[in-house]
Amino acid sequence: MLQVNSFAAGKWIAPSQEARPIYSAVTGEKIAQAGSPLDTQAMLDYARTVGGPALHRLTFHDRARRLKALALYLKERKKPLYGLSYTTGATHADSQIDIDGGITTMLVFASKGRRELPDAHVYLDGEMEQLSRSGTFMGQHICTPMLGAAVHINAYNFPVWGMLEKLAPTLLAGVPAIIKPATATAHVAEVAFRIMLESGIFPEGAMQFIAGGSGGLLGQLGPQDTVAFTGSADTALKLRSSEHLLRHAVRFTAEQDSLNASILGPDATPGTPEFDLFITEAAREITTKAGQKCTAIRRIIAPEPLVEPVIDALSARLDTARIGDPAARETTMGALVSEAQRADVQARLATLASEAQRVYGTDTAPLDQGAFMTPQLLHCPAPDEAQAVHAVEAFGPVSTIMPYRDLLHAAALANRGGGSLVASVITHDPDVASQLAQGIAAHHGRIYVNDRDSMEESTGHGSPLPHMVHGGPGRAGGGEEMGGVRGVMHYMQRTAVQGSPRMLSAIGQTWLPGAPVTKAVEHPFRRRFGDLALGESLLTAPRKITLADIEHFAHFTGDTFYAHMNEAAARANPFFPGRVAHGYLLLSFAAGLFVEPNPGPVLANTGLNALRFQKPVVPGDRLRARLTVKRKTKRTEDYGEVLWHVELENQEGEAVATYELLTMVAT
Ligand code: NAP
């Protein structure tokens with residue numbers, strides 16, 4: 001018998017007499033027990049006073065690097081997770097989604113953290129806002145980590161992925177996590193958690209684990225704590241409507257069940273690649289994890305004349321499913337997590353039977369023991385009058401086919417789900433994709449469009465990706481997770497800061513235009529990464545722009561646009577006083593003004609951001625460039641990225657162009 005322990009306030013705690021049982025999905029035997037009463041107040045204190053401060057001392061990049069190390073550490077030790085995972089009914093392919101999918105998700109967050117977040121403690125959200133005429137009083141939104149604990153309540157179906165997809169953005173944000181997996185598969189989650197904890201990669205207090213019930217934890221949360229919940233709509237409603245959470249405005253994100261749809265385009269008739277693709281995706285969503293996926297296709301919406309062909313093709317495809325021992329490599333469909341879950345699915349099937357008749361599947365279990373069941377395909381001929389098929393989630397291998405008349409009708413049916421995580425649109429016709437997207441986007445967190453062009457590389461209707469948001473409106477919980485850096489922000493507070501550019505620069509750990517600059521003691525391109533300071537600035541000598549320069553550049557590059565070449569035509573243009581210099585000529589001259597020609601610490605120019613040409617430059621204007629260190633980001637031991645604010649100004653001191661220049665500078 002496996003003992004599933006909690007890890008609370010720095011100690012492992014074994015199950016007590018009140019522990020909850022965990023059964024094998026394959027044999028039905030009790031294989032583990034989880035839970036004991038915990039001092040949840042001590043857990044919160046530990047997270048807030050030990051884990052939080054230790055995480056806050058690290059920059060986003062420090063945390064991202066540790067996240068990568070943690071994912072790789074887990075990857076090397078994942079084998080036992082596969083062995084245990086079979087007891088939950090998951091096949092090898094199902095476990096890959098859970099275990100390797102979870103690890104990959106963590107790696108994506110680690111990589112995005114280093115590419116898209118600063119090597120600092122404060123994240124700047126958007127640009128500075130001009131709040132005063134002369135720019136002495138400005139605004140900047142910043143994000144800083146919440147100062148409490150992030151409580152993660154997970155569903156049973158993906159014990160590893162579910163834990164990691166929440167943990168990665170939380171740790172990246174700098175917030176300690178208290179993880180409460182669903183009891184039915186907590187024995188798998190505990191092993192993954194134990195590996196991560198034992199790695200010692202994150203500081204003490206950064207993560208804790210609750211096996212079994214969470215006791216009074218939710219009633220002890222305060223306004224700096226957050227809850228990220230994944231599970232059924234009923235549990236979400238019960239938890240989020242607690243007076244305590246509402247009174248303290250505890251941030252509560254819910255990812256709950258949804259009646260996801262897949263729509264077959266009218267062009268995707270039998271014989272087209274899209275028709276086969278549609279059947280493949282639908283069959284996969286019914287059999288993977290035995291249909292226990294929040295994103296599984298519950299409603300198959302097909303043009304009326306194609307309903308029969310879809311039923312025939314899908315039934316033939318489902319015939320090829322090999323249901324059996326999840327540990328056997330030939331098995332393509334495992335068991336539901338428990339016999340109780342199977343009984344729940346059967347009860348919901350009985351409700352659906354009042355509106356939809358079964359066209360595939362039987363009541364007889366395919367194996368004598370364990371929580372196995374055959375795929376169930378239902379047909380609802382009158383979906384407009386139906387209620388249950390749009391509202392009752394049978395969390396198993398169950399899907400209902402329904403007809404649509406036209407695209408408006410298809411969208412209306414998809415939207416009857418009342419808000420879903422995902423809808424797929426299988427079509428090769430961009431007009432169909434566009435009309436459907438406009439018709440259903442507001443009701444869906446994700447739209448997955450697939451056709452012959454993308455099918456080889458597409459990731460599947462049911463796969464939430466760390467780069468893209470996962471969640472959905474209404475019935476799906478109204479929440480959002482992942483989506484790259486967006487997911488990190490759920491664990492941070494956005495604050496509007498107002499003040500002078502000097503103050504905003506100090507607070508944002510970034511030099512902002514308008515803040516004082518320090519005159520460079522030598523050419524900044526001769527200085528190493530570590531020697532450069534924020535605000536260090538170089539003002540170049542001026543250069544006069546001549547008509548000969550403009551003509552030379554025009555003929556040399558081939559850019560003989562009339563505004564540079566024809567005085568009368570240029571004057572007739574509302575933007576120009578006459579012939580003007582090319583914007584690219586100004587950039588090239590700027591480079592010539594601030595270049596340091598000799599070999600030195602600047603290794604490469606890697607790009608420009610936010611280029612704006614603000615004022616036309618005419619022959620006779622004298623330009624100079626001001627280059628100021630805006631932000632520094634160490635990339636490796638050998639070099640770092642320096643972001644320069646560049647402003648080109650004319651003889652009147654007016655800005656004619658501004659941009660950000662990126663260089664790699666040796667350490
Ligand atoms: P569930 O019964 O709603 O349980 C979800 C989680 O809530 C479990 O960890 C459960 O713990 C916990 N919980 C239940 N009552 C609680 C309470 N009073 N206080 C604190 N925690 C409590 O859902 P499930 O059966 O695990 O998962 C299946 C459902 O999740 C399906 O409806 C599916 O659609 C949905 N789901 C949604 C997503 C998504 O991303 N949107 C992903 C996966 C699954 P115990 O197990 O210990 O009771």
Side-chain angles (χ1 to χ4, degrees), residues 4 6 15 18-23 33-35 38 40 88 97-98 101 105 151-163 165-166 178-187 189-190 209-221 227-242 244-245 252-260 285 289-298 336-338 340-342 344-345 348 391-396 398 417 419-422 444-446 462-465 469-482 487:
V4 185
S6 298
E18 298 104 274
R20 301 180 182 179
I22 298 175
Y23 300 97
Q33 56 178 359
L38 297 170
T40 46
T88 70
I97 299 171
D98 186 34
T105 297
V151 175
H152 296 168
I153 303 179
N154 295 325
Y156 74 78
N157 54 345
F158 288 110
V160 180
W161 178 85
M163 176 162 64
E165 63 94 10
K166 286 189 171 70
I178 298 178
I179 300 159
K180 190 233 147 337
T183 303
T185 54
H187 54 307
E190 193 244 57
F209 186 86
I210 296 182
S214 56
L217 178 67
L218 295 188
Q220 292 158 331
L221 299 183
V227 180
F229 169 87
T230 299
S232 62
D234 289 344
T235 312
L237 177 64
K238 189 165 96 188
L239 300 185
R240 77 192 323 177
S241 58
S242 111
H244 178 85
L245 295 188
F252 191 102
T253 317
E255 296 298 332
Q256 52 197 51
D257 52 73
S258 85
L259 277 292
N260 314 294
E285 292 302 316
K289 279 299 285 188
Q292 301 162 107
K293 281 198 332 194
C294 55
T295 48
I297 298 169
R298 301 284 170 219
L336 298 178
V337 73
S338 64
Q341 180 63 23
R342 185 175 58 184
D344 183 79
V345 172
R348 289 171 198 241
V392 175
E393 182 203 43
F395 200 58
V398 182
S420 304
L421 295 168
V422 52
H444 292 83
R446 178 162 65 90
S463 299
L465 299 174
V469 294
H470 172 56
R475 165 74 187 249
E480 213 181 85
E481 287 187 328
M482 303 202 293

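Each ligand, and each atom within it, is numbered from 1 in the order the structure gives. The structure presented is a predicted model; accordingly, all values stated were derived computationally and were not measured.
Looking only at protein heavy atoms, the nearest one to atom 34 (O) of ligand 1 is E393 OE2, 2.6 Å. The shortest contact between atom 23 (O) of ligand 1 and any protein heavy atom is with S232 N, 3.5 Å. Scanning the protein for heavy atoms near atom 12 (C) of ligand 1, the closest one is I153 CG2, 3.6 Å. Counting only heavy atoms of the protein, atom 18 (N) of ligand 1 lies nearest to L239 CD2, 3.6 Å. The protein heavy-atom contact nearest to atom 48 (O) of ligand 1 is R20 NH1, 3.6 Å. The nearest heavy-atom contact from the protein to atom 37 (C) of ligand 1 is C294 CB, 3.1 Å. Protein heavy atom nearest atom 28 (C) of ligand 1, with residue, atom name and distance: F395 CE2, 3.6 Å. What sits closest to atom 35 (C) of ligand 1 on the protein, heavy atoms only, is G231 O, 3.2 Å.
One distance of note links CZ of F229 with CG of L237; it measures 10.0 Å at 0.5 Å rounding. Within the model, atoms CD1 of I210 and OG1 of T40 stand 7.0 Å from one another, a figure rounded to the nearest 0.5 Å. Atoms NZ and CZ, from K289 and F158 in turn, are 5.5 Å apart once rounded to the nearest 0.5 Å.
Residue-ligand proximity, Q256 to ligand 1, at heavy-atom distances under 4.0 Å covers atoms 37 (C), 41 (N). Within the listing of ligand 1, atoms 39 (C), 40 (O) sit less than 4.0 angstrom from a heavy atom of H470. Residue P181 has at least one heavy-atom neighbour below 4.0 Å for each of these atoms of ligand 1: 9 (O). Of all atoms in ligand 1, numbered sequentially from 1 with element shown, those under 4.0 Å from a heavy atom of A155 are 26 (O), 27 (O), 30 (O), 43 (C), 44 (C). Counting the atoms of ligand 1 from 1 in the order shown, those under 4.0 Å from a heavy atom of A182 are 8 (C), 9 (O), 26 (O), 46 (O).
Not a single heavy atom of Q292 sits under 4.0 Å from any atom of ligand 1. Ligand 1 does not have F158 within reach: every non-hydrogen atom of the residue lies 4.0 Å or more from it. For S214, the heavy-atom gap to ligand 1 drops under 4.0 angstrom. Proximity of K293 to ligand 1 is not established, as no heavy-atom distance is less than 4.0 Å.
Checking side-chain atoms of S420 against main-chain N and O of H444 turns up no donor-acceptor pair under 3.5 Å. Listed for the E165 side chain is no donor-acceptor partner under 3.5 Å among the backbone atoms of T105. In this structure, the side chain of N260 engages the main chain of A296 through a donor-acceptor pair within 3.5 Å. A donor-acceptor pair under 3.5 Å is absent between the side-chain atoms of E255 and the main chain of L421, judged by distance alone.
Considering only heavy atoms from C-beta on, P159 comes within 4.5 Å of D98 through its side chain. Within the 4.5 Å cutoff, the side chain of I97 has no heavy atoms near those of the W161 side chain. Put simply, the side chain of T253 does not reach to within 4.5 Å of the side chain of E480, judged on heavy atoms.
The nearest pair of heavy atoms linking G462 to K293 is CA-NZ, 3.9 Å. Of all non-hydrogen atoms in P181 and A186, the two that sit nearest each other are CG-CB, 3.9 Å.
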Should F395 and D257 be marked as a side chain to side chain contact (heavy atoms under 4.5 Å, CB included) after you check the CA-CA gap, both sets of side-chain angles, and the distance that decides it? CA-CA 9 Å; F395 200 58; D257 52 73; 5.8 Å; no

I would like to know whether H244 and L218 meet side chain to side chain contact (heavy atoms under 4.5 Å, CB included); could you show each step before the answer? CA-CA 8 Å; H244 178 85; L218 295 188; over 6 Å; no

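Among N157, T230, L421, T235, the residue whose heavy atom sits closest to atom 5 (C) of ligand 1 is T230.
Between L217 and the choices L38, I178, V227, I153, the side chain to side chain contact (heavy atoms under 4.5 Å, CB included) rule is met once, by I178.
Of all the heavy atoms of E481, none lies under 4.0 Å from any atom of ligand 1, so neither backbone nor side chain is involved. Contact annotation: for N154 versus ligand 1, heavy atoms closer than 4.0 Å belong to the backbone alone. Both the backbone and the side chain of T183 come within contact range of ligand 1, each with a heavy atom under 4.0 Å. Contacts between Y156 and ligand 1 below 4.0 angstrom, taking non-hydrogen atoms only, involve backbone and side chain alike. For A476, no heavy-atom contact with ligand 1 is shorter than 4.0 Å.
Polar contact with ligand 1: absent for S258 (N/O pair, distance under 3.5 Å). Considering backbone and side-chain N/O atoms, Q341 never comes within less than 3.5 Å of an N/O atom of ligand 1.
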